[in-house]
Amino acid sequence: MLPEDPAARSRLRKASRELLKKAYPEYDDEQIEHEVDAAEERADLAGDPGAVTAAPPGTLIDDAAPDEGKAWSRPVRAAVATVVLAAALVLMALFVEQTAGTSVRAQGIWGLLVVAAIAGGLVYSTHQRAQQERLLSCRVRIDAPFSVDRGRHVSLDSDGEPLTDAGIVVARVKNTGRERIESDDYVSPLSLHFPGRRLVSLDVTESEPQNLATLVAGLPDLRAVAGEDRVTLPRVRLKPDASYKVVIVLEGEAAGANVEGRLRDGRITTQETKRRTGPYTPLWAGLTVIFLTGALTAFLLPPVDRPANLACVRDSLTLSGSTAFASTAAKLAGAYETLCPGSVIRLSARGSVAGLQRLNDAEGDDRRTLLALSDVKAGPEFEELRSTDLAIIPFTVIANPQRRIANLTTPQVIGIFMGGITNWKDITGEDHPIHVVARTTDSGTRKTLETRLGVPRVEGTSENCTEPRRPGTQAVICERTSTSDVISAVAADEYAIGYADLASAQQNTGVTPLAIDNVGVTDLTADSAEILRLKYRFWAVERIYRTQAAVPGTLASAYLEYLRTSEAAEVMRQFRFLPCTDPQVESLCAG
């Protein structure tokens with residue numbers, strides 16, 4: 001009920017006008033006056049002896065801001081969804097890789113489609129449930145003290161009593177669901193609780209439809225009693241998108257409003273609700289897309305046919321030894337693991353002799369789960385080991401591209417790597433020391449250089465590959481433990497020279513493979529393998545060693561059988577090795 005005094009009514013209209021301008025800056029003057037008239041009319045019509053009748057003060061609202069509440073559940077749901085989707089992507093990538101290369105390809109794809117269908121069903125069901133849920137939004141748009149200037153509060157009067165800590169709350173109530181909310185859908189009524197503050201006045205304003213505000217203000221179960229700290233709103237029927245606002249004047253220094261109430265088959269929210277969908281519907285939709293994409297990817301990937309009679313054993317195996325064969329060994333191990341899920345093959349490349357020694361010293365289960373790769377034939381000290389020929393490895397001398405050299409004679413190779421030729425002027429005419437990068441003495445590649453080309457064994461003279469460790473020494477010879485280390489050192493030093501397997505040398509643009517006696521092997525194939533017998537001697541046979549005869553049913557036995565298949569031979573060809581299973585190469589491997 002508005003006061004009868006015209007001056008008081010004028011102050012109230014002015015306060016309402018300023019309040020509406022502050023809360024709705026997009027309104028023009030005509031809209032503002034219309035809302036002020038409507039508010040005054042509703043206040044006159046909704047007089048209730050038990051309700052609050054004190055007028056809102058005629059002041060501006062400073063620092064008015066919506067109080068959205070804490071939306072902790074949204075980041076939690078987002079974090080859960082992110083983790084689940086990331087895990088699904090990783091697992092899907094692994095599953096697709098396994099499915100594309102196994103005999104259960106069709107079953108795997110159908111399994112992915114079934115899971116995608118289940119996830120799609122959950123998308124539909126959660127979305128439909130969200131559509132049918134009753135959803136009532138009660139958002140506090142403004143909760144701020146009255147003030148004239150920033151930091152200066154206003155003294156107001158309510159029925160002759162001074163109000164020294166007055167403030168205002170504007171809340172919007174809206175049915176944001178797709179279902180009509182009936183009066184008996186309220187399990188407990190919607191209410192606003194203001195701890196530490198007491199009610200001064202309440203007005204219902206700005207509704208959709210327009211007459212809803214008048215209806216709400218006139219309902220008998222609207223409880224707004226002066227001096228209390230709670231406003232209980234009526235159990236009003238609301239069709240979808242229907243809404244109204246309440247303007248509440250309070251006294252007290254405290255701040256904050258608690259929204260309370262319950263709906264049957266629904267919920268009351270204090271958050272903005274623009275999306276009418278279930279909280280986990282996006283998660284199920286994401287999983288549906290992932291599984292469908294996985295099924296399509298597995299279908300489109302070219303299948304890897306399982307070799308005939310390939311034995312698969314779920315166990316672990318370690319390959320130790322040759323660094324020259326390391327990249328090929330890793331590729332072969334990965335291919336076998338793809339064909340035989342559950343098998344685990346690890347690689348430890350430390351040099352051929354080191355691998356043979358480790359296998360020879362193995363005891364217990366290690367003798368069953370360890371194989372050694374070597375590009376040097378085991379000597380008498382390893383007489384208990386058994387070997388299987390894998391491939392011919394062509395080696396090559398490598399130089400830094402800055403030297404612009406394409407060929408060396410065998411005597412030049414011997415002179416360089418034994419330390420007899422120490423300056424590039426004896427090779428290219430450039431006066432600069434040669435920096436030799438060699439392998440350590442347990443390297444199969446180094447033993448091949450020594451035995452096949454006749455290079456005498458010499459000790460290293462340098463640690464950094466650029467200067468001898470002792471003054472007065474002419475030869476600069478450093479030693480490195482792996483093929484990759486040799487290649488890196490030669491690529492980094494324009495005066496360096498070294499040696500490596502042909503495949504590794506060709507994969508690095510920082511080094512140049514050199515011909516020996518005008519014979520190069522960069523285009524070597526099984527059809528031209530006679531070059532190795534008649535003209536080019538820098539090559540070796542890669543073998544794999546075991547401690548005993550292959551025991552059927554073990555992963556070592558199954559893997560050795562796989563290495564003799566045509567699929568494994570194709571992998572070796574990709575790395576420029578000549579498989580011993582090729583008829584043109586078989587005699588070289590056995591020689």
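- Between the side chain of D375 and the backbone N or O of V541 there is no donor-acceptor pair closer than 3.5 Å.
- The salt bridge (Lys or Arg N to Asp or Glu O under 4.0 Å) test applied to E586 returns no partner, not counting sequence neighbours.
- Judged by distance alone, the side chain of D485 and the main-chain N or O of R480 form no donor-acceptor pair under 3.5 Å.
- The two atoms that bring G355 and S320 nearest to each other are CA-OG, 3.6 Å, heavy atoms only.
- Interatomic distance, CG of L317 versus CZ of R368, reported as 9.5 Å (0.5 Å rounding).
- Under the 4.5 Å side-chain criterion, counting only non-hydrogen atoms from C-beta, S343 is in contact with L555.
- For R386, there are no salt bridge (Lys or Arg N to Asp or Glu O under 4.0 Å) partners at least two apart in sequence or on another chain.
- Two rings, from F325 and F577, have their centers less than 6.0 Å apart.
- For the pair I434 and T422, the minimum side-chain heavy-atom distance is 4.5 Å or more.
- Separation of the Y545 and F382 ring centroids does not fall under the 6.0 Å cut-off.
- Although no hydrogens or angles enter the test, the distance criterion places no donor-acceptor pair under 3.5 Å between the side chain of R543 and the main chain of T388.
- W424 has its side chain out of reach of D431: every pair of non-hydrogen atoms, C-beta onward, lies at least 4.5 Å apart.
- In this structure, L385 and L356 have side chains that are in contact, with non-hydrogen atoms separated by less than 4.5 Å.
- Summarising the geometry of R446 relative to T440, their closest heavy-atom pair is CD-O, 3.5 Å, with the distance given to 0.1 Å.
- At a threshold of 4.5 Å between non-hydrogen side-chain atoms, the residues T448 and E450 do not count as touching.
- In summary, E430 and K425 do not engage in a salt bridge, as defined by a charged side-chain N under 4.0 Å from a carboxylate O.
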Derivation of the side-chain contact (heavy atoms from CB on, under 4.5 Å) call for L310 and L339: CA-CA 9 Å; L310 175 66; L339 294 168; 4.0 Å; yes
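- Side-chain atoms of T323 and T483 form a donor-acceptor pair, as typed in the model, at a separation below 3.5 Å.
- Sparse packing is recorded around CD of E383, with 12 or fewer heavy atoms of other residues, nucleotides or ligands lying under 6.0 Å away.
- Considering only residues two or more places apart in sequence or on other chains, S566 meets the side chain to side chain contact (heavy atoms under 4.5 Å, CB included) condition with none of them.
- Between the SG atom of C580 and the CG atom of L563 there is a distance of 11.5 Å, given to the nearest 0.5 Å.
- In this structure, I393 and T445 have side chains that are not in contact, with every pair of non-hydrogen atoms separated by 4.5 Å or more.
- Within the 3.5 Å criterion, the main-chain N or O of T409 finds a donor-acceptor partner in the side chain of Q412.
- What you find for L373 and A329 is that their closest heavy atoms are CD1-CB, 3.6 Å.
- Atom CG of D365 has 12 or fewer heavy atoms from other residues, nucleotides or ligands within 6.0 Å.
- Residue R350 places its CZ atom among 12 or fewer non-hydrogen atoms of other residues, nucleotides or ligands, all under 6.0 Å distant.
- Among residues two or more places apart in sequence or in another chain, the side chain to side chain contact (heavy atoms under 4.5 Å, CB included) test is passed with E384 by R367.
- In terms of heavy atoms, L578 sits closest to L532 at CD1-CD1, 3.9 Å.
- Under a cut-off of 6.0 angstrom, the local environment of CD in Q474 is sparse, with at most 12 non-hydrogen atoms contributed by other residues, nucleotides or ligands.
- Between R576 and D501, none of the side-chain N atoms (NZ, or NE/NH1/NH2) sits under 4.0 Å from a carboxylate O, so this pair counts as no salt bridge.
- A salt bridge is absent between R439 and E479: the closest approach of a Lys/Arg side-chain nitrogen to an acidic carboxylate oxygen does not fall below 4.0 angstrom.
- Distance alone, capped at 3.5 Å, is enough to place a donor-acceptor pair between the S528 side chain and the T525 backbone.
- Closest approach of A311 to E561, counting heavy atoms only: CB-OE1, 4.5 Å.
- Between atom CG of residue L371 and atom CD1 of residue I544 there is a gap of 4.5 Å, rounded to the nearest 0.5 Å.
- Here the closest non-hydrogen pair linking F395 and A540 is CE1-CB, 3.7 Å.
- Atom CG of L347 and atom NZ of K331 lie 14.5 Å apart (nearest 0.5 Å).
- Contact annotation: the side chain of L370 approaches that of R358 to within less than 4.5 Å [non-hydrogen atoms, C-beta and beyond].
- Under the ring pair (Phe, Tyr, Trp, His ring centres under 6.0 Å) criterion, no residue pair touches residues 466-486, with sequence neighbours excluded.
- Checking side-chain atoms of W539 against main-chain N and O of I392 turns up no donor-acceptor pair under 3.5 Å.
- To the nearest 0.5 Å, the span separating CG on D315 from OG1 on T554 amounts to 8.0 Å.
- Using the six-membered ring where Trp is involved, Y336 and Y559 have ring planes that are perpendicular, over 60° apart on the 30 and 60° scheme.
- For the pair T473 (side chain) and A475 (backbone), a donor-acceptor distance under 3.5 Å is absent.
- When atom types are taken as modelled, the side chain of D442 and the backbone of A354 share no donor-acceptor pair closer than 3.5 angstrom.
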Worked verdict on I497 versus V397 for side-chain contact (heavy atoms from CB on, under 4.5 Å): CA-CA 7 Å; I497 191 169; V397 176; 3.8 Å; yes
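- A side chain to side chain contact (heavy atoms under 4.5 Å, CB included) with H435 is found for exactly one of N400, V490, N464, D493, namely D493.
- Rounded to the nearest 0.5 angstrom, I416 CD1 and I477 CD1 are separated by 10.5 Å.
- In this structure, T396 contributes its side chain and L514 its backbone to a donor-acceptor pair below 3.5 Å.
- Without hydrogens or angle criteria, T451 side chain to K447 main chain gives a donor-acceptor distance under 3.5 Å.
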CA sep, side-chain torsions, deciding dist, call: I516, V521, side-chain contact (heavy atoms from CB on, under 4.5 Å): CA-CA 9 Å; I516 299 177; V521 287; over 6 Å; no
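- Salt bridge status for E463 with R469: present, with a side-chain N to carboxylate O gap under 4.0 Å.
- When side chains are defined from C-beta on, T369 does not count as touching T318, because their heavy atoms never get closer than 4.5 Å.
- Pairs passing the salt bridge (Lys or Arg N to Asp or Glu O under 4.0 Å) check and including a residue from residues 517-542, sequence neighbours excluded, read E530-R533.
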side-chain contact (heavy atoms from CB on, under 4.5 Å) evaluation trace for Y499 with V486: CA-CA 7 Å; Y499 47 84; V486 171; 5.8 Å; no
